[in-house]
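All remarks here apply to the structure that follows.
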Amino acid sequence: MATVIEVSRLKFEELVAEALDTIPPELTRVMDNVVVVVVDDPPEPDLLGLYTGVPLTERGDWYSAVLPDRIEIYRNPICQMCDTEARVVEEVRITVIHEIAHHFGIDDDRLHQLGW
């Protein structure tokens with residue numbers, strides 16, 4: 001039986017905040033109208049995170065008065081796939097970076113080419 005790491009919601013939110021702090025300032029300065037939240041369970045299986053919104057590369061003059069883009073990081077599936085707390089920390093970081101990349105208009109194929 002696999003070991004499931006239990007990480008409280010508060011601790012997990014701290015891990016997400018720490019991952020966000022690792023994003024270079026030159027990138028965080030241009031992030032716009034986006035919120036990052038922790039959600040316990042994904043809307044469909046096998047998701048660790050989800051970006052919903054209009055990527056920066058697709059925004060034009062028409063883009064105003066819209067709700068913020070949303071990045072959801074899913075606590076339970078990340079904890080279930082990791083066998084150590086250090087692995088949870090690393091998977092949170094990878095997932096946060098992956099979803100922020102979508103905010104910048106980078107799709108999954110390109111992320112995989114880049115090793116993410």
Side-chain angles (χ1 to χ4, degrees):
M1 183 174 190
T3 302
V4 174
I5 299 301
E6 294 291 329
V7 177
S8 72
R9 185 176 180 96
L10 180 60
K11 175 64 175 172
F12 196 88
E13 288 172 352
E14 289 171 1
L15 296 177
V16 170
E18 289 168 8
L20 287 167
D21 287 344
T22 69
I23 306 299
E26 56 270 18
L27 294 179
T28 57
R29 278 194 290 272
V30 295
M31 290 175 64
D32 184 45
N33 200 31
V34 60
V35 63
V36 179
V37 297
V38 170
V39 176
D40 286 337
D41 296 303
E44 58 187 73
D46 302 323
L47 283 180
L48 303 180
L50 181 66
Y51 168 77
T52 307
V54 180
L56 294 174
T57 55
E58 296 179 18
R59 295 179 185 180
D61 293 340
W62 58 268
Y63 186 85
S64 67
V66 297
L67 292 173
D69 291 2
R70 184 175 173 94
I71 293 174
E72 296 180 349
I73 308 298
Y74 300 116
R75 183 174 69 94
N76 288 333
I78 290 175
C79 290
Q80 289 167 358
M81 72 178 284
C82 297
D83 58 357
T84 66
E85 190 166 326
R87 185 74 183 105
V88 172
V89 171
E90 180 63 12
E91 194 57 52
V92 166
R93 187 181 75 79
I94 290 167
T95 303
V96 166
I97 290 169
H98 185 100
E99 300 310 326
I100 287 174
H102 291 320
H103 176 68
F104 282 97
I106 302 170
D107 65 17
D108 283 331
D109 289 338
R110 181 65 180 138
L111 280 168
H112 291 220
Q113 290 173 351
L114 296 169
W116 291 96

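Throughout, residue positions are numbered sequentially from 1 according to the sequence presented.
Looking at residues two or more places apart in sequence or on another chain, you find a salt bridge (charged side-chain N to carboxylate O under 4.0 Å, His left out) between Asp32 and Arg59. Cys82 pairs by the side chain to side chain contact (heavy atoms under 4.5 Å, CB included) definition with Ile78, Arg87, Val88, Glu91, not counting sequence neighbours. Looking at residues two or more places apart in sequence or on another chain, you find a side chain to side chain contact (heavy atoms under 4.5 Å, CB included) between Asp107 and Asp109, Arg110. Partners of Glu26 by side chain to side chain contact (heavy atoms under 4.5 Å, CB included), not counting sequence neighbours, listed by chain and number: Pro24, Arg29. Shown here are the side chain to side chain contact (heavy atoms under 4.5 Å, CB included) partners of Leu67, two or more places apart in sequence or in another chain: there are none. Considering only residues two or more places apart in sequence or on other chains, Glu90 meets the salt bridge (charged side-chain N to carboxylate O under 4.0 Å, His left out) condition with Arg93. Contacts of Glu72 classified as salt bridge (charged side-chain N to carboxylate O under 4.0 Å, His left out), with partners at least two apart in sequence or in another chain: Arg70. Glu85 meets the side-chain hydrogen bond (donor to acceptor under 3.5 Å, both in side chains) test with no other residue; sequence neighbours excluded.
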Kindly list each side-chain donor-acceptor pair under 3.5 angstrom involving residues 15-23, sequence neighbours excluded, with atom names and distances?
unit_1 : atom_1 : unit_2 : atom_2 : d
Thr22  : OG1    : Ala19  : O      : 2.6

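Across all their heavy atoms, Thr57 and Gly105 have their closest contact at OG1-CA, 3.5 Å. The two residues Phe104 and Val30 come nearest to each other via the heavy atoms CE2-CG2, 3.4 Å. Pro77 and Leu48 make their closest contact through CB-CD2, 3.9 Å (heavy atoms, listed as atom of the first residue, atom of the second, distance).
Note: the hydrophobic cluster containing Val54 does not contain Leu50 (ILVMFWY, side chain heavy atoms under 4.5 Å, direct or indirect links). The cluster map of Ile, Leu, Val, Met, Phe, Trp and Tyr, joined by side-chain heavy atoms under 4.5 Å apart, puts Leu56 and Ile100 in the same cluster. Follow the hydrophobic side-chain contacts under 4.5 Å out from Val92 and you never reach Val39; the two are in separate clusters. Val36 is connected to Leu27 through a chain of hydrophobic side-chain contacts under 4.5 Å among Ile, Leu, Val, Met, Phe, Trp and Tyr, so both are in one cluster. Residues Ile71 and Val38 share a single hydrophobic cluster, defined by chaining ILVMFWY side chains whose heavy atoms lie under 4.5 Å apart.
Looking at Leu111 and Asp108, their side chains come closer than 4.5 Å, going by heavy atoms from C-beta outward.
Residue pairs that meet the side chain to side chain donor-acceptor pair (under 3.5 Å) test with at least one member in residues 42-56, sequence neighbours left out, are Tyr51-Asp69. Residue pairs meeting the ring pair (Phe, Tyr, Trp, His ring centres under 6.0 Å) criterion with at least one partner in residues 57-100, sequence neighbours excluded, are His98-His102.
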Residues Asn76, Asp40; criterion side-chain hydrogen bond (donor to acceptor under 3.5 Å, both in side chains); working and verdict:
CA-CA 5 Å; Asn76 288 333; Asp40 286 337; 4.8 Å; no
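In this structure a side-chain-to-backbone donor-acceptor pair under 3.5 Å is missing from Arg9 to Arg75.
In this structure, the separation between CD on Glu14 and CG on Leu10 is 4.5 Å, given to the nearest 0.5 Å. In this structure, the separation between CD1 on Ile106 and CD1 on Ile97 is 11.0 Å, given to the nearest 0.5 Å. Here the CD1 atom belonging to Ile5 is positioned 6.5 Å from the CG atom belonging to Asp83, to the nearest 0.5 angstrom. If you take CG on Asn33 and NE2 on His103, they are separated by 8.0 Å, rounding to the nearest 0.5 Å.
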